[in-house]
Enquirer: 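So that we are looking at the same thing, I have put the structure below in structure tokens.
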Amino acid sequence: MISAEEADMSREKVRRFWDPGRQLLRTIRRYQRAEGLPTAVRSVVKVWLVVCYRFWSIVTGADIPLCSRIGGGLLMPHPNGIVIHPEVEIGPNCLIF
């Protein structure tokens, strides 16, 4: 059963390399976690993650800002054309088509 309060992070696990929706989401999450890195490492890591983010955004055709507040367990089976406003907050275990 899917909970509306507890995130099921297994839904976001990349199952194979060509899994564009999950790859995009993983890149966004890694970018957000990079804020906690030391300054010297952070800039290099963030540049690389922005390149990956742009690649997966082009592949999926999705426009999801890097600063999005996304709860765990987001599932996007068909990420093509998804547009999310930067100020939106998405709850846990959300499903977006």
Side-chain angles (χ1 to χ4, degrees):
M1 176 172 265
I2 303 296
S3 169
E5 297 167 4
E6 272 188 54
D8 180 10
M9 295 306 286
S10 67
R11 293 166 46 119
E12 293 184 10
K13 185 177 182 199
V14 177
R15 309 231 191 289
R16 57 194 175 280
F17 173 75
W18 199 255
D19 198 353
R22 287 185 176 107
Q23 290 280 15
L24 175 62
L25 187 57
R26 180 170 70 174
T27 304
I28 292 170
R29 295 220 187 269
R30 285 180 176 174
Y31 180 88
Q32 291 172 349
R33 279 195 309 264
E35 289 296 322
L37 295 174
T39 308
V41 177
R42 182 183 335 153
S43 59
V44 174
V45 169
K46 285 180 108 176
V47 167
W48 171 248
L49 289 171
V50 167
V51 170
C52 293
Y53 164 77
R54 288 187 179 161
F55 172 78
W56 290 113
S57 289
I58 291 169
V59 168
T60 60
D63 184 11
I64 303 172
L66 285 168
C67 62
S68 298
R69 294 178 311 244
I70 300 172
L74 176 65
L75 189 57
M76 299 180 293
H78 305 285
N80 303 60
I82 291 175
V83 178
I84 296 177
H85 192 274
E87 295 179 15
V88 165
E89 185 171 347
I90 299 173
N93 299 326
C94 188
L95 173 65
I96 299 176
F97 280 100

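None of these values were measured; they are calculated from a predicted model. Numbering of residues begins at 1 and proceeds along the displayed sequence.
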Enquirer: Between the main-chain N or O of I70 and the side-chain N or O of S68, is there a donor-acceptor pair closer than 3.5 Å?
Expert: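 Not confirmed, S68 side chain does not pair with I70 backbone.
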Enquirer: Indicate if V41 and V50 have the same hydrophobic cluster label, given that clusters are the connected sets of ILVMFWY residues with side-chain heavy-atom separations under 4.5 angstrom.
Expert: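 They do share one cluster, since a chain of ILVMFWY contacts under 4.5 Å joins V41 to V50.
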Enquirer: Quick one: does any side-chain atom of D63 pair with a main-chain N or O of G81 as donor and acceptor, under 3.5 Å?
Expert: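 Not at all, since once roles are kept as given, no pair shorter than 3.5 Å links the two residues.
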Enquirer: If you measure from OG on S10 to CG on L75, what distance do you get to the nearest 0.5 Å?
Expert: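 Result: 10.0 Å between the selected atoms.
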Enquirer: Applying a strict under-4.5 Å side-chain criterion to I, L, V, M, F, W and Y, I'd like to know whether Y31 and M9 cluster together.
Expert: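 In one cluster: no.
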Enquirer: Applying side chain to side chain contact (heavy atoms under 4.5 Å, CB included), name anything that partners P38, two or more places apart in sequence or on another chain.
Expert: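 Not a single residue meets the side chain to side chain contact (heavy atoms under 4.5 Å, CB included) criterion with P38.
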Enquirer: Could you pull out the closest heavy-atom pair between P79 and A62, with the gap in Å?
Expert: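 Taking P79 first and A62 second, the nearest heavy atoms are O-CB, 3.5 Å.
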Enquirer: So if you build clusters from Ile, Leu, Val, Met, Phe, Trp, Tyr with side-chain heavy-atom gaps below 4.5 Å, do F17 and I58 land together?
Expert: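 No, no single cluster joins them.
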Enquirer: How far apart are the C-alpha atoms of I82 and I84, what are their side-chain angles, what is the distance that settles it, and do they pass the side chain to side chain contact (heavy atoms under 4.5 Å, CB included) test?
Expert: CA-CA 7 Å; I82 291 175; I84 296 177; 3.9 Å; yes
Enquirer: For G73 and A7, work out which heavy atoms get closest and say how close.
Expert: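 Nearest pair, atom of G73 first, then A7: N-CB, 4.3 Å.
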Enquirer: Does R11 form a side chain to side chain contact (heavy atoms under 4.5 Å, CB included) with I2? I'd like the steps, not just the answer.
Expert: CA-CA 10 Å; R11 293 166 46 119; I2 303 296; 3.6 Å; yes
Enquirer: Per the side chain to side chain donor-acceptor pair (under 3.5 Å) rule, what does the pair list look like for residues 14-30, sequence neighbours excluded?
Expert: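 Residue pairs with at least one partner in residues 14-30: E12-R29, D19-R22, Q23-R26.
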Enquirer: Which distance, rounded to the nearest 0.5 Å, do you find between the CH2 of W56 and the CD1 of I64?
Expert: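 It is 13.5 Å, given to the nearest 0.5 Å.
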Enquirer: Hey, any chance L25 and L66 share a hydrophobic cluster, counting ILVMFWY side chains that come within less than 4.5 Å of each other, even indirectly?
Expert: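 In one cluster: yes.
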Enquirer: Atom NZ of K46 and atom CG of L37: how far apart are they, to the nearest 0.5 Å?
Expert: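 Going from the NZ atom of K46 to the CG atom of L37 covers 9.0 Å.
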Enquirer: Determine whether L95 and L74 make a side-chain contact, defined as any pair of heavy atoms from C-beta on separated by less than 4.5 Å.
Expert: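 No. Closest side-chain heavy atoms not under 4.5 Å.
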Enquirer: I'd like to know if V44 and L49 are part of one continuous hydrophobic network [Ile/Leu/Val/Met/Phe/Trp/Tyr, side-chain heavy atoms within less than 4.5 Å].
Expert: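 No; V44 is not reachable from L49 via cluster members.
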Enquirer: Between F97 and P77, which heavy-atom pair has the shortest distance, and what is it?
Expert: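 Reported closest heavy-atom pair: CE2-CG, 3.7 Å.
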Enquirer: Are there more than 12 heavy atoms of other residues, nucleotides or ligands under 6.0 Å from atom CZ of R69?
Expert: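 Yes, the 6.0 Å shell around CZ holds more than 12 heavy atoms from other groups.
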Enquirer: Hey, could you give me the CD/SG distance between E35 and C67, rounded to the nearest 0.5 Å?
Expert: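 That separation rounds to 11.0 Å.
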Enquirer: Going from CD1 on I96 to NE2 on H78, what distance comes out if it is rounded to the nearest 0.5 angstrom?
Expert: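 Here the interatomic distance stands at 13.5 Å.
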Enquirer: Any donor-acceptor pair under 3.5 Å linking the side chain of N93 with the backbone of S3?
Expert: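 Yes; judged by distance alone, with no hydrogens or angles, the pair exists.
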